[in-house]
Amino acid sequence: MNEAEIKERVARFLEEHDPAGDRLEFLRARFDAGLAWVWFPEGLGGLGAHRELQQVVERELADTPQINGGKQGIGLGMAAPTILAFGTEEQKRRFLRPLWTGEEIWCQLFSEPGAGSDLATLGTRAVRDGDEWVVDGQKVWTSGAHHARWGILVTRTDPDVPKHRGMTYFVCDMQAPGVEVRPLRQITGEAEFNEVFLTGVRLSDDLRLGEVGDGWRVAQTTLMNERVAIGGGPSRRGGGVMATVLNAWREHPELRTNDLHQRLLSLWVEAEVTRLSGARLREQLVAGHPGPEGSGMKLSFARLNQALSGFDVEFHRDLGYDDWTFRRSEDVDFFGRGPGYRYLRAKGNSIEGGTSEILRNIIAERVLGLPSEPRVDKDVPWKDLPR
Amino acid sequence: MTLLYSEVEEELRASVRALLADRCPPAAVLKRVESEPTDLDLWKTLAGEIGVAGLLIPEELGGAGAGAGEAGVVLEELGRAVAPVPFLTSAVLATRALLPTRDALLGELAEGRRTAALAVSFAASPYRPGRGSSVRAEGGRLSGTVTGVAGADVADVLLVPVDGDLYAVEGVAAEVVPSLDLTRPVATVTLDRAEGRRVGACDLAATLRFGAALLASEQLGVAEWCLETTLAYVKERHQFARPIGSFQAIKHRLADLWLDVVRARAAARNAVADPSAVSVAVAQAWNAGVAVRAAEEALQLHGGIGMTWEHPVHLYLKRAKSAEIALGTPGDHREALASLADVPGPEGGEQ
Ligand SMILES: Cc1cc2nc3c(=O)[nH]c(=O)nc-3n(C[C@H](O)[C@H](O)[C@H](O)COP(=O)(O)OP(=O)(O)OC[C@H]3O[C@@H](n4cnc5c(N)ncnc54)[C@H](O)[C@@H]3O)c2cc1C
C-alpha cells in the first residue's frame, strides 16, 4: 500500500462518515476502516501497511474527532503492541477496538514497592485455581489507574526458579473485586499515579497473555514499546516542549539575555538532531518491532524535556505556580499548564518507563555489547533472594 | 527524502572500506604523516578505480552523476580511516565551486588526472567566506595571500575566488606550515601578480555551505572510529580482575557517546539529503562537537597508551579538533541559526 492508495481510502471513508456526527461512532468506524493504526493487521484497526504511512492518515484526518493520546497513552503505546504480539485472536478482537477508541482506558501494573528498576524481582503472586488465577500483592506508581478499565499486569507464578523465569503476564480487570486504587500525590500537587492493592483478585485464564512462566519476555515487549512511545518525540521541527519555549521567547523580547540565547540555541540544535534521529529510527522500524535503540530516544527525550522546562522557568522569572490544589488529573496536562508545572512534571521523565541510569545500562550491554557487572541474583531462586 | 542509506551507497561504502583497510590502516597513516602526509597513490586508486573523484560531476561532464549522499558515505569512510587524500578539498569543495561554470577542468578532475584546491582558508565559513584571504584581482592578475588552505600542497590547480569570480591558477607554490591536523595539512598560498584564467562566477558562501554539509559526514566517520575502537579496547583491557568495560562509570559514558553518534548520523544524513542552510548549520553545530568528544573520550579511556604517538587516536583527535574550526565553528553555526530558525537574540528585542 502506498501514499496515494491510503489517501484514496481516507477520502472514501470521509465520504461515508461525517466527522461532524457522533464522535464515538466516527472513531469506531475509523477503526473498522483500518485507519486507526495502519501498520496493524486488517480487521484489527489496520491495513498491514508501513508504519510511516500513519503520518499520511493523521494529516488527512487532522480536522476530525481525535483520540486522547495522553489519557490513552499506556493503552496505545504499551498494551496494544503487547496484545498484538502475544494475544490470542480472541483477545485481540476483544481488547484492541475499545482500547483505540478510548472507550476503555488501560494502566500498567508493573512496579511494586520492592521492585522498580529491578522489575524482575517483583512479588505479586498469582496462584492457579482451576480456570482462574488468584492474585495477591501491591503495585505502585500506577499512572491513570483511577480511569482504567484494564491493566497490564506482571505477576510471580513460580517462586522456586530464578526471578526472570517465574513470571506470568495478565490483563487485569480493574473492576474485579479485590482491586483497590488509592491516589498518590505528586510533587506537582496533583495525583496522576496511584498505589493499587490486589487482594484475592480472581482473573480467568483467558486473561493471561503469553505462556505461564513467559511473563518476562512479554514484559520486555511492553517496555521496549514504552520507550519508543515516550521517546518518540515530535515529528515537526521545533515541536513539542521546544514549541512552548520558542513561543514564549518570541513573545517576550524583554526577557531575553545573551546567556539564555546561547543556551537556547544549543538546546534547539540538540532538539533538532534528536528529532531527526527519531525520524530515522521510525524509518527503520518494520511494523512495530522496536529494538533496544528506542532506549536512546527515551534517554534524550528526558534530558531535553528537563533542560527545556528548566530553561522556561528561568526565562519567565516568575516566582509563582499556577495551582497546587490536590486533584485527580485527567491526563498529563503538559501544555495546558504553566512552566512551573512542566518543570516539576518533567522530573518524572528520567524515572518513568525505566530510569536514565537503567537505559544507559541497556544501551551499554545490549547495543554496545559491553560486559555486565558481576551479578549475584541471576541463578538464585526468587524466594531465596536477599531483600 | 530518506535518512537511511541506499543499497548503492552501501556498495560504495563497502568498496571504499575494503580498499582503505588494505592500503590505509592507521599504522600506515602514522608512518607517513611527518614526511609525506598525502597518499597520492591511494588517491589515484580511489579516484581512478572506484571513481570517487567524479561523484558530484554530471555524466555529460565526465563524472558519475551521483549525489551528495554518495559523497557523504565516502567521507564517512575516509573519516574512519583519517585517510590523507584530497577528496574533501578537490572532489567536494573545488568541484562544487567549479560545477556552475561547467568548465572542461571538471572532466580532468573527475578522472582523477588532476587535483584542485579552492584557495580559501579552511577556517572560512559560509557566514564569513573571506576570512584569511587578502587576494585582489587587477587586470586578470591576482595578488595577495590566503592562509590555512587545505589540499593546496598537492593541488595541480588552485581555484581562487575573488569578488564573485573564480580564477584557475597554476604553478603557484603553496607553503606548508606545521598543522594541528597531521593528516590534512594546511598551507599559505601567496599570489604575486599571478596569471589567472577566469572560469566563471562563484557563489563562495554556497560552496562553503555545501562543503560544511559534507564535512559533517567525515566528522561522523571520525566519531564512529573512536567509539568502535574504544568499545573494543574496554572489552578487552582488564583491571581489578574485570574488563574495564564492565564498570558502570565507563558504560554510561559510552552509552552517552553512542547516543551522540546516533544523532550525528541522523544530522549528517539530513544535511546531504537536504543541504539547506538550516540543515547544514544543525549538522555542523552538532557533529563537530561529537567528533571532538568522541576523540577525547577515546583518548581518556585508553589511559596511558592513548597519550602516545604510537597509538593512532591522536590522529583522530587532531582531525576532529581542526575540523571543528573548519568551515565555521559550532558557535558560528549556532549563531546563524538565530535568524535561520527565528530564535532572535536580545538585540532583536526592546532593551
Ligand atoms: C511519573 C511516573 C509515572 C509512573 N508510571 C508508572 C506506571 O504507570 N506503571 C508502572 O508500573 N510504573 C510506573 N512508574 C514507576 C517507574 O517505572 C519506576 O519508578 C522506575 O522503574 C524506577 O523504580 P524505583 O522508583 O523503584 O527506583 P529504584 O529502582 O529504587 O531506583 C532508585 C535510583 O537508583 C538507580 N538505580 C537502580 N538500579 C540501578 C543500577 N543497576 N544501576 C545504576 N543505577 C541504578 C535508579 O536509576 C534511580 O536513580 C512511574 C514512575 C513515575 C515517576
Side-chain angles (χ1 to χ4, degrees), chain A residues 52 237-238 242 245-246 249-284 293 295-300 303 356-375, chain B residues 1-4 227-228 230-232 234-235 241-248 250-260 262-271 278-279 281-287 289-290 330-331 333-338 341-351:
Chain A
E52 278 292 288
R237 177 180 280 164
M242 179 56 88
V245 174
L246 284 177
W249 180 267
R250 288 169 190 151
E251 275 166 28
H252 295 286
E254 76 285 0
L255 293 177
R256 297 176 198 154
T257 66
N258 281 316
D259 165 62
L260 288 168
H261 191 222
Q262 297 304 316
R263 283 156 56 197
L264 181 55
L265 287 169
S266 291
L267 287 168
W268 194 92
V269 169
E270 187 175 344
E272 176 63 2
V273 295
T274 304
R275 180 188 74 86
L276 288 168
S277 40
R280 191 162 191 275
L281 188 63
R282 277 197 294 276
E283 275 196 85
Q284 286 173 309
E293 286 83 0
S295 299
M297 294 313 296
K298 202 285 190 165
L299 190 55
S300 13
R303 204 204 87 78
S356 291
E357 290 74 25
I358 293 300
L359 295 182
R360 287 189 182 94
N361 286 351
I362 291 175
I363 292 169
E365 290 173 19
R366 291 211 238 136
V367 183
L368 304 179
L370 291 171
S372 58
E373 306 247 352
R375 290 186 64 162
Chain B
M1 192 180 110
T2 172
L3 298 174
L4 303 181
L227 176 60
E228 282 169 26
T230 307
L231 281 172
V234 302
K235 285 176 195 176
R242 314 159 41 175
I244 56 170
S246 67
F247 291 105
Q248 200 176 55
I250 290 181
K251 286 159 86 168
H252 282 194
R253 280 167 74 160
L254 289 171
D256 284 336
L257 186 60
W258 170 80
L259 188 53
D260 285 350
V262 163
R263 292 184 284 180
R265 186 172 306 118
R269 290 321 283 173
N270 187 53
V278 176
S279 307
V282 166
Q284 274 304 311
W286 185 257
N287 288 24
V290 173
H333 292 284
R334 278 197 296 271
E335 223 166 77
L337 282 167
D342 188 21
V343 188
E347 71 283 359
E350 304 149 44
Q351 288 294 312

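Proteins come first, then strands; the chains are lettered A, B, ... in the order of their sequence lines, and each starts at number 1. For the numbers below, each heavy atom of this structure counts, side chains included, while hydrogens, waters and symmetry mates do not.
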Report the C-alpha separation of Val273(A) and Asp260(B) in whole Å, then their side-chain angles, then the decisive distance to 0.1 Å, and conclude whether the side chain to side chain contact (heavy atoms under 4.5 Å, CB included) test is met. CA-CA 9 Å; Val273(A) 295; Asp260(B) 285 350; over 6 Å; no
Heavy-atom pairs under 4.5 Å with chain A are the metric here; pick the option from [options] that has the most.
options                                    : value
Ala283(B), Gly331(B), Ala267(B), Ala338(B) : Ala338(B)
Ala341(B), Ala281(B), Pro243(B)            : Ala341(B)
Arg253(B), Arg265(B), Glu228(B)            : Arg265(B)

Measure the [atom1]-[atom2] distance between [X] and [Y] for me, rounded to the nearest 0.5 Å.
X         : Y         : atom1 : atom2 : result
Asp342(B) : Trp249(A) : CG    : CH2   : 11.5 Å
Leu254(B) : Arg360(A) : CG    : CZ    : 12.0 Å
Arg334(B) : Leu267(A) : CZ    : CG    : 10.5 Å
Glu365(A) : Lys251(B) : CD    : NZ    : 3.5 Å
Trp258(B) : Leu299(A) : CH2   : CG    : 9.0 Å

Q. Counting N and O atoms only, with roles assigned by atom type, does the side chain of His261(A) sit under 3.5 Å from a partner on the main chain of Val343(B), one being a donor and the other an acceptor?
A. yes
- Query: With distance as the sole test, does Glu283(A) use its side chain to make a donor-acceptor pair with the main-chain N or O of Leu3(B) at under 3.5 Å?
  - Reply: yes
Using side chain to side chain contact (heavy atoms under 4.5 Å, CB included), reason through Arg280(A) and Thr2(B) one step at a time and then give a plain yes or no. CA-CA 8 Å; Arg280(A) 191 162 191 275; Thr2(B) 172; over 6 Å; no
Quiz item: Are Leu265(A) and Glu335(B) close enough, and set up right, to give a side chain to side chain contact (heavy atoms under 4.5 Å, CB included), and what steps lead you there?
Solution: CA-CA 8 Å; Leu265(A) 287 169; Glu335(B) 223 166 77; 5.6 Å; no
For Leu255(A), the side chain to side chain contact (heavy atoms under 4.5 Å, CB included) test, sequence neighbours excluded, returns His252(A), Phe315(A)
Note: vs chain B, highest number of non-hydrogen pairs under 4.5 angstrom among Ser372(A), Pro371(A), Pro374(A) is Pro371(A)
Distance-minimising heavy-atom pair for [X] and [Y]:
X         : Y         : result
Arg237(A) : Ser279(B) : NH2-OG, 4.1 Å
Arg263(B) : Ser300(A) : NH1-CB, 3.5 Å
Ala364(A) : Ala255(B) : N-CB, 4.4 Å

Okay, Asn287(B) and chain A: the region with an atom under 4.5 Å from a heavy atom over there is neither
When the 4.5 angstrom heavy-atom criterion is applied to Leu337(B) and chain A, the contacting part is both
Residue part contacting chain B, namely of [X], when any heavy atom lies under 4.5 Å:
X         : result
Leu370(A) : both
Thr274(A) : both
Ser266(A) : both
Arg250(A) : side chain
Leu368(A) : both

Side chain to side chain contact (heavy atoms under 4.5 Å, CB included), that's the test. Do His252(B) and Glu357(A) meet it? Break it down for me.
CA-CA 8 Å; His252(B) 282 194; Glu357(A) 290 74 25; 4.0 Å; yes
